[in-house]
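From a predicted model like this one, the values you see are computed outputs, not experimental measurements. Sequence lines set the chain letters: A, B, ... in the order given, protein chains first and strands last, and positions in each chain run from 1. All values below come from the heavy atoms of this structure, side chains included, with hydrogens, waters and symmetry mates left out.
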Protein chains: 2
Amino acid sequence: MTDTMNIGQRIDGRYGELSPQEQRVADFILDHLSDLAVYNASELARLSGVSKATVSRLFRRLGFQDSAEVREHARTLRRHGAPVGGPGASAGTPSRLATHLEGEQENLRLLLHTLEDGRLDAAARLIAHAGNVVVIGLRGSYPLALHLRQQLAQACANVRLAPLPGQSIGEDLAGLGPHDVVVLFGFRRRTAGFGQLVAAIQRRRIPLVLIADASARRHADGAAVWLECPIDSDSAFDSYAAAMSLINLLATGAMGVHVRETRTRIAAITQVYEDLEELEVPW
Amino acid sequence: MTDTMNIGQRIDGRYGELSPQEQRVADFILDHLSDLAVYNASELARLSGVSKATVSRLFRRLGFQDSAEVREHARTLRRHGAPVGGPGASAGTPSRLATHLEGEQENLRLLLHTLEDGRLDAAARLIAHAGNVVVIGLRGSYPLALHLRQQLAQACANVRLAPLPGQSIGEDLAGLGPHDVVVLFGFRRRTAGFGQLVAAIQRRRIPLVLIADASARRHADGAAVWLECPIDSDSAFDSYAAAMSLINLLATGAMGVHVRETRTRIAAITQVYEDLEELEVPW
DNA sequence: CGGCACCGGAAACAGCTGTTTCAAATGCAA
DNA sequence: TTGCATTTGAAACAGCTGTTTCCGGTGCCG
């Protein structure tokens, strides 16, 4: 059935039956298949040098009801995997795994896109030069906070995790000021007190690095550096893969700022481990 | 100057000045930055639930003359810095960030490649049907273990983390047998006792899901399912991004095996949260 | 030459898009 | 409360989009 094929295949299938002007449009479409959704019918006409009427007729002939249906079709193609034009075309079902992979990669791409303006370096510098660094992550964000602290602990001796058991966050913040830094993870499903926490940090003039998904944007104002990290996933759960990647970048960045100090520190830690024979030989 | 920044940065720069409804649109735009060119102003309005007037005003406020200019801007983004879905042809300077991205994506690809033979489903099934599930992660793997436990706790009531403070792992394993499962994270920099731990689990005939990087291959024999997950990174630290992705897949898979039960369980958790007013309103 | 089939653009037109205007709603201060 | 500023959507409107109709152009056959 025509109706089940994508537009590239439909064109391939009946290219010969098309009139010359229609072929010009068809060529243009095939050449821009991946961003077909970006153009409307008038633009297609203008860009391929034919009249709007011809475009309209072509769509009909390819089995679409009207140009709106083509638009819809093009978007669907965008969402599910890349639309390959040629007769080769799509391999079987894009498995659940492949779909998942696509999503993760998209998240990574988005993440890097937002970081391109230098805010990552700003955050790294803040951390590297801070007197004390307090890492906070509640609920789902706790494992992330923990991981960041582990990484940073190799670079700086003055990194704490909060809240420690039996302590309130207020106590953790006590004594901190403009020369310190709080790194706060605030991913989806925040506790009710989150806004107040941000406010409290702000009140004490402690520079805040806020790492969270888009839903925390409203708190971004209170932060010295706002690192937005996508966590959308095709599955039932959020995926913190991009967040882990961000943590790696952040820790690396903070370390890069004062390399010498760090190297010696890592060496020291490794030494301790080896002394205790805690480690397996790592290769 | 506003005029030289891309739309995402412009929004970030003055998000606070935007009115609530404008923020809704801004959120939507940020969430769909990569295919902004696909939507026209009316659709943006409809999809973010505001009037066309508001969208129009937002564009002005962001420094664009009209929606046509935004459209043009979006297309330029697509062509240049933009994340197009296709087979990644990275142009320009491969910045530190871009290099990092490449590495992470390679890790994800490798991960998915190893999972394609069905071992992921095997692991998920094991977990879904197990009597008790014990998740173990030491040292650097601890945050991962914690995260997996949090995810699984939504699907099954019988998931524990080990070792609990003040307990030895031996005690945690006590009473477990062939109908239970241990999920063990064993990423690089394992403790000296790791091999003994695997042996102990094996001795008790507890099915073992081992999640680790290639350096743990020597322990793979002792596992019912061996999930190898790459963590190599171009930076000084290992990156657990792929591991997080794997955890997501595993939790989802375990959930998929008995969907009904899980849905109700998550619903119940959400309900409790809402009752306690612990959550921010979730948009 | 006439008759015919097809092609394709110009133009008419109905419907949609995006901007601006206006008034209602809201919040805040006095 | 009143007065003022801000926010917002409804509605008006000008302009654009996409479909259809219409008509001139072209090629082919007899």
Contacts under 3.5 Å, N or O only, protein and nucleotides 5-8 of chain D:
from: D:dT8; atom 1: OP1; to: B:Q21; atom 2: N; distance (Å): 3.1
from: D:dT8; atom 1: OP2; to: B:S19; atom 2: OG; distance (Å): 2.2

Distances under 3.5 Å between protein N/O atoms and the N/O atoms of nucleotides 16-18 of chain D, please, pair by pair.
from: D:dG18; atom 1: OP1; to: A:A41; atom 2: N; distance (Å): 3.2
from: D:dG18; atom 1: OP2; to: A:A41; atom 2: N; distance (Å): 3.2
from: D:dG18; atom 1: OP2; to: A:S42; atom 2: N; distance (Å): 2.5
from: D:dG18; atom 1: OP2; to: A:S42; atom 2: OG; distance (Å): 2.8
from: D:dG18; atom 1: N7; to: A:K52; atom 2: NZ; distance (Å): 2.4

The side chain to side chain contact (heavy atoms under 4.5 Å, CB included) partners of A:S67 (sequence neighbours excluded) come to A:A41, A:F59
Taken to the nearest 0.5 Å, the spacing of A:I211 CD1 from A:L144 CG works out to 8.5 Å
To the nearest 0.5 Å, atom CG of B:L97 lies from atom NE2 of B:H100 at 8.0 Å
Practice problem: Looking at every strand, decide which applies to B:R24 at a 4.0 Å heavy-atom threshold: base, sugar-phosphate, or nothing. | Solution: nothing
Comparing B:G49 with A:A53, nearest DNA chain D nucleotide closer to 5' gives the residue B:G49
The side chain to side chain contact (heavy atoms under 4.5 Å, CB included) partners of A:R24 (sequence neighbours excluded) come to A:Q21, A:V50
One should read off an interatomic distance between A:F185 CZ and A:L227 CG, to the nearest 0.5 angstrom, of 9.0 Å
Taken in chain and number order and not counting sequence neighbours, the residues that satisfy side chain to side chain contact (heavy atoms under 4.5 Å, CB included) with A:I7 are A:I11, A:I29, A:L33, A:L36, A:L62, A:F64, A:V70, A:H73, A:L77
Requested in this report: Ignoring backbone atoms, test whether B:R60 places a side-chain nitrogen or oxygen under 4.0 Å from the OP1 or OP2 oxygen of C:dT19.
Outcome: no
Side chain to side chain contact (heavy atoms under 4.5 Å, CB included) filter on B:R57, not counting sequence neighbours, yields B:E22, B:A53, B:T54
Checklist line | Lys/Arg-Asp/Glu bridge criterion (N-O < 4.0 Å) met for A:D238, A:R189 | finding: no
